Amino acid sequence: MPTETAAPPEQGRDPHARRFGLPIATCLVMGNIIGGGIFLLPASVAPFGTISLVAFGVLTAGAIALALVFGRLARRLPQTGGPYVYARAAFGDFAGFLAAWSYWITAWVSNAALAVAAVGYLSVLFPAIGEHKAAMCLAPLTVQWLPALANLAGTRYVGAVQLVSTVLKFAPLLLVAVGGLFFFDPANLGPFQATGQSPVGAVSAAAAILLFSYLGVESAAVSAGEVRDPARNVGRATILGAAGAAVVYLLGTLSVFGLVPHDRLVASEAPFTDAVNAMFGGTWGGTLVACAAVISMLGALNGWTLLSAQTPYAAARDGLFPQVFAMKRRGVPVVGVLVTVALASGLTIYNYTVGSDGVFEILVLVTTFTATVPYLLATAAQMYFLLSGQAERVHRGRLVRDGILAALAFAFSMWLVAGSGYAAVYQGVLFLFAGVLVYAAMSARKQRAEQRDTA
């Protein structure tokens with residue numbers, strides 16, 4: 001039986017710091033997986049036909065395998081940092097640093113992208129936003145800083161915001177996902193395969209669009225240090241969150257397919273709006289969906305802001321990031337939150353003031369690659385623990401099962417890399433290698449400190 005690593009102690013008596021229970025940890029996973037993209041997904045995959053649902057099923061299996069692997073790893077190493085902790089335990093400081101560096105890049109660039117994407121939905125609710133450039137820049141900055149302030153207030157408030165936003169955003173999604181089945185018309189489905197590709201080609205093409213729908217499955221593992229009884233709850237939250245997101249994705253897409261005629265759905269810019277209008281008539285669906293999208297993005301930003309600070313925090317404790325990132329107040333790494341939101345805000349301002357040559361779009365595309373680097377390192381770490389015969393890390397009775405899950409999760413992660421495209425991989429590798437200089441500086445500093453301590 002593997003020896004479990006003790007979880008960090010509860011935060012002190014600070015009333016603003018609170019460890020997450022299973023419900024909040026599950027909401028963190030679901031909220032981070034489901035951002036604003038779900039509101040466009042049905043239209044994005046409609047050109048391939050209903051065969052895209054098969055692609056969803058394949059991806060769901062891969063995501064669940066990844067969730068199970070994270071659950072097993074968190075049981076052995078229930079510490080804040082997730083993939084960083086696993087990669088470092090298996091392969092040393094350099095691999096751990098690469099996991100932390102790539103995850104941090106993903107977090108703050110994705111936060112900027114989420115905030116900018118929210119402007120379109122905010123413009124539906126407040127048309128004046130779309131009429132003034134200053135308002136279009138101020139709106140995403142506000143969307144970024146509100147979740148940051150919730151984080152700075154303490155983990156107690158992060159959990160409360162995550163729970164409320166998850167409930168509010170899932171209400172309209174479930175209205176379409178479940179309620180839409182009662183209005184389902186098979187005649188609207190269109191062809192099973194709408195392209196001239198082979199079935200395998202069509203599934204792969206649809207999967208390339210859907211691959212990143214499950215990014216965020218690692219959320220509970222990254223925040224393991226803030227979860228009560230992480231050895232038990234991180235795995236459960238990861239599996240429940242991934243499964244819950246999968247149900248919403250699959251049922252929501254199926255319902256929209258059956259509510260909106262295929263020829264209209266292919267050209268739709270707001271498929272859930274069209275679905276609500278088809279269910280109840282009228283045009284109020286646009287307002288409902290816009291509200292749900294804004295709440296969804298605020299919830300995702302709330303969770304991702306916390307995660308963006310947790311990985312540098314874990315690396316800073318080990319001397320691989322500047323020590324300032326290890327500062328915690330009210331259970332939250334405050335410097336990590338502030339630096340992350342400042343970088344995301346700077347990128348947002350750059351997008352609206354310069355906005356030339358598609359730099360912002362390129363950076364967002366790069367995150368599709370950088371997000372998968374920690375996944376690959378974490379699943380490789382699990383395979384290393386299984387194959388190296390480390391009795392303290394491997395449950396021998398589950399060796400075959402864990403080995404199969406690790407192989408599936410690694411294959412899923414490689415599929416994510418392949419789906420990001422050549423340009424994203426090329427640019428992402430440059431971003432990744434830029435961190436090598438940072439690692440060199442931090443590693444040298446750590447070595448000097450160790451020499452002084454032993455002198």
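What you see is a predicted model, and the numbers here were worked out from it, not measured in a lab.
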Could you report the tightest heavy-atom contact between V69 and A409, atom names first, then the distance? CG2-CB, 3.8 Å

Donor-acceptor under 3.5 Å (S110 side chain, A107 main chain): no

Would you say the side chain of V234 lies within less than 4.5 Å of the side chain of F70, judging by non-hydrogen atoms? no

Is any side-chain heavy atom of F385 closer than 4.5 Å to a side-chain heavy atom of L73? yes

Nearest 0.5 Å, please: how far is OG in S52 from CZ in F192? 9.0 Å

Separation between CG (L77) and CZ (R72), nearest 0.5 Å, reads 11.5 Å

What closest approach, in Å, do Y86 and A378 show between heavy atoms, and which atom pair accounts for it? CD1-CB, 4.1 Å

Distance check, rounded to the nearest 0.5 Å: F321 atom CZ versus W101 atom CH2? 6.0 Å

Side-chain (Q323) to main-chain (A316) donor-acceptor, under 3.5 angstrom: yes

Roughly how far apart are T370 OG1 and Q427 CD, rounded to 0.5 Å? 12.0 Å

Rounded distance (nearest 0.5 Å) linking atom OG1 of T379 with atom CE of M414: 9.5 Å

Measure across A406 and Q382 and return the closest heavy-atom pair with its distance rounded to 0.1 Å. CB-CG, 3.8 Å

Short N-O contact, R76 and D402, less than 4.0 angstrom: yes

Report yes if some heavy atom in the side chain of T311 is under 4.5 Å from a heavy atom in the side chain of W104; otherwise report no. no

So CZ of R88 and CG of L320: to nearest 0.5 Å the spacing works out to 6.0 Å

Under the side chain to side chain contact (heavy atoms under 4.5 Å, CB included) rule, collect the residues that match up with T60, sequence neighbours excluded. I64, Y214, A246, L250

So do V217 and Y375 actually touch side chain to side chain, heavy atoms under 4.5 Å? yes

Could you report the tightest heavy-atom contact between T305 and S308, atom names first, then the distance? O-OG, 2.6 Å

Modelled atom types, side-chain donor and acceptor of S413 and T372, under 3.5 Å: no

S443 side chain to A440 backbone, donor-acceptor under 3.5 Å: no

Under 3.5 Å, is there a donor-acceptor pair between the side chain of S102 and the main chain of A99? yes

Please check: side-chain N/O of Q144 versus main-chain N/O of S345, any donor-acceptor pairing under 3.5 Å? yes

Note, Q310 side chain near P333 side chain (heavy atom, < 4.5 Å): yes

Look at the aromatic rings of Y439 and F94 and report parallel, tilted or perpendicular, splitting at 30° and 60°. perpendicular

Smallest heavy-atom separation, A344 atom then N111 atom, equals CB-CB, 4.3 Å

Evaluate the side-chain contact (heavy atoms from CB on, under 4.5 Å) criterion for residues W415 and L59: first the C-alpha distance (whole Å), next the side-chain angles of each, then the deciding distance (0.1 Å), finally the verdict. CA-CA 10 Å; W415 197 11; L59 290 174; 3.7 Å; yes

Please determine, by modelled atom types, if D318 and Y84 share a side-chain donor-acceptor pair under 3.5 angstrom. yes

Step by step, work out the side-chain contact (heavy atoms from CB on, under 4.5 Å) result for F410 and M383. CA-CA 9 Å; F410 188 85; M383 294 178 74; 4.1 Å; yes

Quick check: are there more than 12 heavy atoms from other residues, nucleotides or ligands sitting under 6.0 Å from CG of L430? yes

Side chain of W108, backbone of L347: donor and acceptor closer than 3.5 Å? no

Heavy-atom side-chain contact between L298 and P147 under 4.5 Å: yes

Can you see which heavy atom on L53 is nearest to which on L254, and at what distance? CD1-CD1, 3.8 Å

Counting only N and O atoms by type, is there a donor-acceptor contact under 3.5 Å from the side chain of S255 to the main-chain atoms of G180? no

